[in-house]
There are 2 protein chains.
Amino acid sequence: MQVSPQQRRYGTATLVDVAQEAGVSLATASRVLNGSTRKVAESYRERVRAAADKLGYTVNVSAQAVASGASALIALLVADIADPYFAQVASGVARAADEAGFLVTIATTGRDPQREAALLRVLRGQLPRGVILAASRMAVPFEPVQLEVDAIHGMGGRVIALGPGAAELRSVLIDNWGGARQLGLALAGRGYRRAVVLAAPRGLITTDQRQAGFTDGFTAGGGRIERVHRAAFTREGGAEAMREALAAGIEPGTLVFALSDAVALGAVHELREEGRQLGADIAMAGFDDIPASGDLTPALTSVHIPLEEVGYQAVRAAIDPEWTPSPLALEVNLRDSTPPPDRVTVDLDAVRA
Amino acid sequence: MQVSPQQRRYGTATLVDVAQEAGVSLATASRVLNGSTRKVAESYRERVRAAADKLGYTVNVSAQAVASGASALIALLVADIADPYFAQVASGVARAADEAGFLVTIATTGRDPQREAALLRVLRGQLPRGVILAASRMAVPFEPVQLEVDAIHGMGGRVIALGPGAAELRSVLIDNWGGARQLGLALAGRGYRRAVVLAAPRGLITTDQRQAGFTDGFTAGGGRIERVHRAAFTREGGAEAMREALAAGIEPGTLVFALSDAVALGAVHELREEGRQLGADIAMAGFDDIPASGDLTPALTSVHIPLEEVGYQAVRAAIDPEWTPSPLALEVNLRDSTPPPDRVTVDLDAVRA
DNA sequence: CGCATTAGCGCTACACCAGGT
DNA sequence: CACCTGGTGTAGCGCTAATGC
């Protein structure tokens, strides 16, 4: 925080300068330029605005924050901004924040709860109006994180969770369970009977819900979950889980369900490395429906989440007192990575059994 | 900026509280907790830290910024955070900022210079130590943007440009021209003789350089640029340009060079819609080598840019006075979207001519 | 040398006051 | 004269950095 002399304001006009230039009081200038509901005569408004324009004035938001005790800031916490899932959410957050005249600060947790807690503490120092917790939430809340969340509430900030509803937190609801169930039903309906699940470590609400929903739907449709392979909830994790799955043996015509598209993409990569074919040989379905999934050949079956909208709603939830959660529509997109399984294969299979 | 009474600090400890709790002066507490090189006896350090911990103290960065005239903030301006190119850069920025104890604010311009200027003005209000301009820069600087850049310099902030070197700005250099030239040479070397370029509107430094470099390399290798189709520098623009290109007719064995992978991905989508095949039928090369390009089948030939590193270096350039630009290594990755063109096709072609 | 004291950063919010009904 | 309307004056937000002891 060492500051060289010339770093200390040089050529940067302050409100005092503007007021002086306009020949009005500091208070009036403040009211014209930076909010307040109080009325100011049009003639004064003009003069102040002209002066501000002439001097290239910009409000010092830090000073504003110090004086008012709150800032027009939204803090966004994601696991990894390079991940298309979070990037899309961030896009919606940026759009909503911009519309509302808010600035966005972003930080990445790398999926480490310890880091998440530390970052929350730092972010709290910005007195953000809202904090959006997009990094994966645990079923059993991590104590230090919980403490920070409470502290943010204490200073008047709002904490928004994505996905699972949570007590004490506003949430943008994502029906992971329902979407996964629909997917399971649809794929069973297409004729799949055996599935292998590429899952994440237990404890993440999102993944637990997806796994449970899929299992429910797939078995309800007459299918059976043969095995579950767990690895990190990332692309690399997907490759790893798939390696494991292949080592354990996967018969042609088996469906592989990855708990996210990122995991699925990693798995597809691995599967191809091993010389297997995506589609009729090994079918694959993901979740999230990120853009890259559509570029895959054959295109990946997935459950579409309007992620940009999720981010947008999260900001609304943070800054609009009237906001109420409205369920976001998920959509199952069956594509060619899960073709109707070959009848012959199914019959042979029955015979073999 | 209206603040309800309970938004006004409640339960949030300040430095005064900590100092009181620890039984030391405000100044000492400040020195212990928030930097400064001045020495404080270990016994005092202990007491202050214990008090801070007990009260859950976090420095109010806004107050810090007001008092010191600078904040530990990096502002990042991108065209579109959902775009993998920018998402990867952002990832590197986040990592570097975190390492250095900086916070990152992010804003999206949507490729609109007008918006860029407006956002820069707002961001300036945060007194960021550095501003990273990742949104596409124009060959002819947009006046209002230039004014804001000057203002930021005036207040002691550093403005970092990505890509093309620029007078007066520190830049993380990306050798678009050289990379594109290598690509052109390599593809001519593989045997391609005719190329169609899917380009962006003139005026963007990045795209102009890539187009020029490719043209240089490809013709040097014995190839010829048949046509250039211009559309927006986005995925949708790629689809549009490809539509145009297909309408104008593309012979099998022709190489299509898209100025970015995003453009290429849009083009591939379009090409498939039209029933054409990627590879031997229509070959395609992109630029950037974003992860999604590797998931394409056949995988997309592209020029790899270490985007995460670009973001990382940008932050270093912003906060490290000693930083000097070191060229980042680009790498041409020839993949199956540009197979060696069929000899027969080439011969037939020669006969036909 | 190592601590405490304090001015002041830019701004907002409140208290205040002048003039017209 | 009390009341509104629309301006001014200024305390103080939490912190840093220069000065004092």
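Values reported hereafter were calculated over all heavy atoms of this structure, with side chains retained and with hydrogens, waters and symmetry mates removed. Residue numbers start from 1 in every chain, and the chains themselves are labelled A, B, ... in the order their sequence lines are given, proteins ahead of strands.
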Chemist: Nearest-Å distance, CG (Leu33(A)) to P (dC11(C))?
Modeler: 9 Å
Chemist: On DNA chain D, check which nucleotide each of Val40(A) and Leu26(A) is closest to and give me the residue with the more 5' one.
Modeler: Val40(A)
Chemist: Can you name the side chain to side chain donor-acceptor pair (under 3.5 Å) partners of Asp98(A), sequence neighbours left out?
Modeler: Arg115(B)
Chemist: When you measure from the side-chain N and O atoms of Asn34(B) to the phosphate of dT16(D), is any distance below 4.0 Å, counting only OP1 and OP2?
Modeler: yes
Chemist: Do the non-hydrogen side-chain atoms of Met155(B) and Asn60(A) ever get within less than 4.5 Å of each other?
Modeler: no
Chemist: Strictly below 4.0 Å: does Tyr44(B) bring a side-chain N or O up to OP1 or OP2 of dC1(C)?
Modeler: no
Chemist: Rounding to an integer number of Å, can you tell me how far Asn60(B) CG sits from dG10(C) P?
Modeler: 16 Å
Chemist: How is Thr28(A) classified with respect to the nucleic acid when contacts are heavy atoms under 4.0 Å: base, sugar-phosphate, or nothing?
Modeler: base
Chemist: Under the rule for side chain to side chain donor-acceptor pair (under 3.5 Å), what residues qualify as partners of Arg47(B), not counting sequence neighbours?
Modeler: none
Chemist: Separation of Tyr57(A) atom OH from dG10(C) atom C1', in whole Å?
Modeler: 8 Å
Chemist: Just the rounded figure in Å: distance from P of dC13(D) to CE of Met155(A).
Modeler: 17 Å
Chemist: Just report the end-to-end axis angle for the helix from dG2(C)-dC21(D) to dT21(C)-dA2(D), five pairs per end, to 10 degrees.
Modeler: 60°
Chemist: Could you list the donor-acceptor pairs under 3.5 angstrom formed between side-chain atoms of residues 100-107 of chain B and any protein atom two or more places apart in sequence or on another chain?
Modeler:
unit_1: Thr105(B); atom_1: OG1; unit_2: Gln126(B); atom_2: NE2; d: 3.2

Chemist: Hey, could you give me each pair passing salt bridge (charged side-chain N to carboxylate O under 4.0 Å, His left out) that has a residue in residues 56-66 of chain B? Not counting sequence neighbours.
Modeler: none
Chemist: Rounded to whole angstrom units, what separation is found between the CG atom of Leu15(A) and the P atom of dC9(C)?
Modeler: 14 Å
Chemist: Just to verify, what does Gln88(A) make a side chain to side chain donor-acceptor pair (under 3.5 Å) with, not counting sequence neighbours?
Modeler: none
Chemist: Round to a whole Å and report the spacing from CG of Leu127(A) to C1' of dC13(D).
Modeler: 10 Å
Chemist: dT16(D), OP1 or OP2 - any side-chain N/O from Ser68(B) closer than 4.0 Å?
Modeler: no
Chemist: Taking only the side-chain heavy atoms of Val66(B) (C-beta and beyond), determine which of dT5(C), dC11(C), dG10(C) contains the nearest atom.
Modeler: dG10(C)
Chemist: Donor-acceptor pair, Ser171(A) side chain versus Leu173(A) backbone, under 3.5 Å?
Modeler: no
Chemist: Rounded to the nearest angstrom, tell me the gap between atom CZ in Arg31(B) and atom P in dC1(C).
Modeler: 14 Å
Chemist: Base, sugar-phosphate, or nothing for Ala27(A), non-hydrogen atoms under 4.0 angstrom?
Modeler: base
Chemist: Is any side-chain nitrogen or oxygen of Ser30(A) closer than 4.0 Å to OP1 or OP2 of dT12(C)?
Modeler: yes
Chemist: Take the protein atom CD of Gln20(A) and the nucleotide atom P of dG10(C), then report the distance between them rounded to whole Å.
Modeler: 13 Å
